[in-house]
Amino acid sequence: MRVSELLAPTLREAPTEAEVISHILMLRAGMLRKVASGVYTYLPLGYRVLKKVIQIVREEMDNKGGQELMLPIIQPAELWLESGRWNVYGDELFRMKDRHGRDFALGPTHEEIITDLVRGEVRSYKQLPQLLYQIQNKYRDERRPRFGLMRGREFVMKDLYSFDKDEAGLDESYRKMYEAYTRIFARCGLQFRSVEADPGAIGGSSTHEFMVMADSGEAAIVYCDSCNYAANVEKAEAVPEQLSGDGEMLSLDEVSTPGAKTIEDVSAFLKIAGHNLIKTIVYQTEEETVIALVRGDREINEIKLQNMLGSLQLFMADERTVKELTGAAPGFAGPVGMKGARIIADREIPLMRNAVTGANKTDAHLVNVNPGRDFTPDVVADIRLVRAGEHCPRCEGVLAEARGIEVGQVFKLGTKYSKALGAKFLDENGKEQLMVMGCYGIGVSRTVAAAIEQNHDGDGIIWPMPIAPFQAVVIPVSSKDEGQMGLADSLYNALREQGVETVIDDRNERPGVKFKDADLVGYPLRIVVGSKTVEEGTVEIRHRRSGNVQVVKLEGAAQLIKKIVADEIAESLK
RNA sequence: CGGGAUGUGGCUCAGUUUGGUAGAGCGCACGGUUCGGGACCGUGAGGUCGCAGGUUCAAAUCCUGUCAUCCCGACCA
């Protein structure tokens with residue numbers, strides 16, 4: 001490709017609409033343009049990268065026996081009503097009507113469609129397992145699209161669905177996908193980690209998320225420094241810690257704590273450590289009001305709490321509700337004498353001795369509160385947030401924290417959809433059984449953004465070789481110098497003959513402009529043809545990531561470059 | 001959905017407080033000089049100032065409404 005003919009409008013300045021680096025750089029490099037909030041056009045360079053990732057995903061899916069098909073974007077409401085999700089999915093579902101007033105949705109995911117297909121076509125255990133996937137645009141009317149390709153309303157996703165005859169089959173399909181994902185992200189040249197994740201509302205037993213490590217990631221994860229435990233903090237298991245000892249229980253007493261509403265206030269006022277307090281928070285679900293207790297220096301993990309309660313909604317109670325329940329202003333709630341709400345206590349609460357809690361009376365707290373003696377929780381469960389520095393739940397190690405971008409998730413669905421939609425088969429005994437399903441997604445466009453978040457510098461993008469839009473750019477220093485242009489052209493042709501994906505920057509621009517653009521777009525290799533090429537027969541190969549420059553003979557340069565490209569692609573698989 | 005902010009040539013922004021016929025830099029076109037890290041000189045094209053009402057002799061500027069975009073939060077197989 002000739003840069004003079006390429007539609008890659010680079011920008012010197014970053015458009016104000018972009019905030020995160022991947023978004024800014026894709027706009028500046030002329031790869032992406034916004035059409036509406038969360039909706040983008042991929043320009044040729046951006047689309048080439050997307051296609052590279054798609055191809056890697058496709059190869060690995062096929063390697064594991066995945067069969068690619070293409071499902072419709074437009075889906076009839078009937079299927080969604082049948083699965084029960086038409087009413088549950090909410091505003092995030094893009095809905096539309098046809099001219100007859102029939103309801104449709106733009107697919108945010110394809111469990112309904114695929115299950116509908118399989119229930120009609122698969123009848124026998126002999127036809128199982130089936131691993132079916134597509135790479136397709138998805139639509140979610142996000143409340144708040146943001147960060148460019150990281151959270152769009154239209155995005156490219158690979159989704160594979162597995163159909164097995166039993167749990168053992170599902171385990172096997174799950175394992176295959178887990179392996180495939182590991183290879184995919186490695187092949188993309190990314191640093192990533194798989195973590196245990198929260199199954200969320202979809203229900204199901206096991207799920208892992210694949211996280212590309214980046215400080216700009218939206219997800220927080222913890223991982224062990226000495227074993228391979230890693231989990232999304234939403235899910236990470238907390239190990240209870242006993243600090244206050246099992247000393248003698250002192251007698252319960254009420255103290256005046258005027259204006260001390262927060263843990264910090266009370267802690268400072270009574271001159272006691274935060275871990276001797278019991279934090280009491282009033283929550284409401286669609287069905288009930290509960291109070292949740294964690295140690296004063298801990299935080300509640302609302303996702304764990306919600307899963308434990310099995311509720312669809314969970315939010316902190318408003319001031320009025322708190323007053324009605326406790327008879328006190330917010331900040332003075334406590335479990336002692338609590339009526340009218342279930343008490344959900346974190347597993348650390350029963351380990352506490354002589355703790356401090358709100359007195360359910362404005363401006364007063366109770367001291368020497370002892371769980372079991374002064375109150376009894378209705379439920380004791382792990383409902384707190386895990387932080388770095390805590391003990392690993394699996395070994396003696398210590399947990400560290402990091403941030404990641406979720407680019408993939410593998411998920412055991414079980415029979416949720418096969419049951420709802422009636423996807424059954426006859427087993428060896430002629431008995432009807434529900435198919436056991438799994439679903440496995442990769443945010444393909446998000447992976448592109450994640451790659452940039454992880455691979456860039458002050459000058460622009462640094463594409464990993466396997467997903468670079470082009471592997472090399474040939475830059476003649478002076479495009480008016482016929483000698484240079486001639487040599488550059490022949491090198492360009494030689495590279496293409498070698499199968500190296502190459503562009504030649506033949507624009508009539510000053511060298512500085514070409515260098516800046518090459519850095520911005522992020523071609524892994526830059527080959528400069530200058531006066532020395534004409535005079536001495538040498539060209540300069542510059543490695544974008546390291547900045548290293550090697551000067552080599554023009555003769556044989558194409559073969560050498562081909563080898564560098566091949567070596568780097570091979571490296572990503574190690 | 002709650003909070004905040006912004007809409008002025010392709011991009012970045014000034015002008016709005018105090019109403020008086022729309023500006024700069026970059027980019028773009030043409031000519032010239034340049035040519036190893038975003039050159040310089042000259043000439044030029046390009047904007048119903050988000051949209052709709054209103055006030056006024058006169059609105060980018062004031063008022064009302066509306067739309068869009070971005071940020072924080074809530075939310076998220």
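In the text below, chain A, chain B and the rest are named by the order of the sequence lines, each starting its count at 1.
Salt bridge present: A/Lys138 and A/Asp159 bring a charged side-chain N and a carboxylate O closer than 4.0 Å. Looking at A/Asp457 and A/Arg545, no side-chain N of the basic residue comes within less than 4.0 Å of a carboxylate O on the acidic one, giving no salt bridge. Of the charged side-chain nitrogens involved, none lies within less than 4.0 Å of a carboxylate oxygen, so that A/Lys64 and A/Glu60 do not count as a salt-bridged pair. With respect to the salt-bridge test (charged N to carboxylate O, under 4.0 angstrom), the residues A/Arg119 and A/Glu82 qualify. A salt bridge links A/Lys304 with A/Asp382: the distance from a Lys NZ or Arg NE/NH1/NH2 to an Asp or Glu carboxylate oxygen falls below 4.0 Å.
For the side-chain contact (heavy atoms from CB on, under 4.5 Å) with A/Glu453, the qualifying choice from A/Asp215, A/Val212, A/Val20 is A/Val20, the only one to do so.
Spacing of C1' atoms, B/rU43 relative to B/rG37, comes out at 29 Å, to the nearest Å. On the C1' atoms, B/rC70 is 30 Å away from B/rU18, given to the nearest whole Å. Comparing the P positions of B/rG42 and B/rG25 gives an interatomic distance of 11 Å, to the nearest angstrom. Straight-line distance between the P atoms of B/rG15 and B/rU6: roughly 12 Å, to the nearest whole Å. Comparing B/rC26 with B/rC71, their C1' atoms sit 26 Å apart, to the nearest whole Å. Nucleotides B/rA59 and B/rG53 place their C1' atoms 13 Å apart, quoted to the nearest Å. Remark: the separation of the C1' atoms in B/rA77 and B/rG4 is 31 Å, to the nearest Å. For B/rG27 and B/rG38, the P atoms lie 12 Å apart once the distance is rounded to whole Å.
With hydrogens and angles ignored, a donor-acceptor pair under 3.5 angstrom links the side chain of A/Arg28 to the base of B/rG38. The base of B/rA77 sits with one of its N or O atoms less than 3.5 Å from a complementary donor or acceptor on the side chain of A/Arg140. Put simply, the side chain of A/Arg33 and the base of B/rG10 share no donor and acceptor less than 3.5 Å apart.
A/Asp519 comes within 4.0 angstrom of a nucleotide base, judged by non-hydrogen atoms across all strands. Contacts of A/Met316 with the nucleic acid, taken as non-hydrogen atoms under 4.0 Å apart, are absent. When heavy atoms are screened at a 4.0 angstrom cut-off, A/Pro108 is found touching base atoms of the nucleic acid. Looking at heavy-atom distances under 4.0 Å, A/Asp517 makes contact with a base. Contacts of A/Glu540 with the nucleic acid, taken as non-hydrogen atoms under 4.0 Å apart, include base atoms.
Nucleotide B/rG10: paired with B/rC26 (Watson-Crick or G-U wobble, both distances less than 3.5 Å). Under the Watson-Crick or G-U wobble criterion, with both distances below 3.5 Å, B/rA77 is left unpaired in every strand shown. Pair assignment for B/rG37 gives none, since no Watson-Crick or G-U wobble pairing has each distance under 3.5 Å. Nucleotide B/rA52: paired with B/rU64 (Watson-Crick or G-U wobble, both distances less than 3.5 Å). Applying the Watson-Crick and G-U wobble criteria (two distances, each under 3.5 Å), B/rA59 pairs with nothing in any strand. Pairing partner, B/rC70: B/rG4, with both Watson-Crick or wobble hydrogen-bond distances short of 3.5 Å. Summarising the base pairing, B/rU17 is matched to no nucleotide, lacking a Watson-Crick or G-U wobble pair whose two defining distances lie under 3.5 Å. For B/rA45, there is no paired nucleotide, since no Watson-Crick or G-U wobble pair has both relevant distances below 3.5 Å.
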A/Glu179 and A/Arg175: CA distance, side-chain angles, deciding distance, salt bridge (Lys or Arg N to Asp or Glu O under 4.0 Å) verdict:
CA-CA 6 Å; A/Glu179 284 174 9; A/Arg175 189 187 59 74; 2.4 Å; yes

Practice prompt. Test A/Arg403 against A/Glu218 for salt bridge (Lys or Arg N to Asp or Glu O under 4.0 Å), laying out the working first.
Written response: CA-CA 7 Å; A/Arg403 299 199 71 83; A/Glu218 290 185 89; over 6 Å; no

Should A/Trp463 and A/Tyr523 be marked as a ring pair (Phe, Tyr, Trp, His ring centres under 6.0 Å) after you check the CA-CA gap, both sets of side-chain angles, and the distance that decides it? CA-CA 7 Å; A/Trp463 288 112; A/Tyr523 307 103; over 10 Å; no

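Atom CD of A/Glu5 has more than 12 heavy atoms from other residues, nucleotides or ligands within 6.0 Å.
Using a 30° and 60° split on the angle between ring planes, A/Tyr178 and A/His208 fall in the perpendicular class, above 60°.
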Between N or O atoms, less than 3.5 Å apart, protein on one side and nucleotides 71-74 of chain B on the other: list the pairs.
residue	atom	partner	partner atom	Å
B/rC72	OP2	A/Arg144	NH1	3.3
B/rC72	OP2	A/Arg144	NH2	2.1

Protein N or O to nucleotides 26-33 of chain B N or O, pairs below 3.5 Å:
residue	atom	partner	partner atom	Å
B/rG27	OP1	A/Arg12	NH2	2.9

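Heavy-atom distances to RNA chain B give each of A/Asp159 and A/Lys34 a nearest nucleotide, and the one nearer the 5′ end belongs to A/Lys34. Of the two residues near RNA chain B, A/Arg153 and A/Lys516, the one whose nearest nucleotide lies more 5' is A/Lys516.
Between A/Ser37 and B/rA68 there is no side-chain polar atom (N or O) within less than 4.0 angstrom of OP1 or OP2. For A/Ser531 and B/rG36, the shortest distance from a side-chain N or O to OP1 or OP2 is not below 4.0 Å. Contact annotation: A/Thr16 reaches the phosphate of B/rU12 (side-chain N/O to OP1 or OP2, under 4.0 Å).
Not less than 6.0 angstrom separates the ring centroid of A/His110 from the ring centroid of A/Tyr161. A ring-centre distance under 6.0 Å is not found for A/Tyr181 and A/Tyr440. In this structure, A/His23 has its ring center under 6.0 Å from that of A/Tyr40.
The CZ atom of A/Phe515 sits 15 Å away from the C1' atom of B/rA39 (whole-angstrom rounding). Taking atom CG of A/Leu43 as the reference point, atom P of B/rC11 lies 14 Å away to the nearest angstrom. Nucleotide B/rA77 holds its C1' atom 16 Å from the CZ atom of A/Phe210, rounded to whole Å. To the nearest angstrom, P of B/rC76 lies 14 Å from CZ of A/Arg85. With rounding to whole Å, A/Ile24 atom CD1 is found 14 Å from B/rC11 atom C1'. Rounded to whole angstrom, the span from the CD1 atom of A/Ile303 across to the P atom of B/rC75 amounts to 8 Å. Between the CG atom of A/Asn508 and the C1' atom of B/rC35 there is a distance of 9 Å, given to the nearest Å. A/Arg151 places its CZ atom 9 Å from the C1' atom of B/rC75, with the value rounded to the nearest Å.
Seen from the ring of A/Phe515, A/Arg526 counts as a face-on cation partner, given the 6.0 Å and 45° thresholds.
Checking B/rU69, B/rG37, B/rU12 against the side-chain heavy atoms of A/Pro15 singles out B/rU12 as nearest.
Near RNA chain B, meaning a heavy atom under 4.0 Å from it, residues 171-181 of chain A has no residue at all.
Using a 3.5 Å distance cut-off with no hydrogens or angles, the side chains of A/Thr285 and A/Glu287 do not pair a donor with an acceptor.
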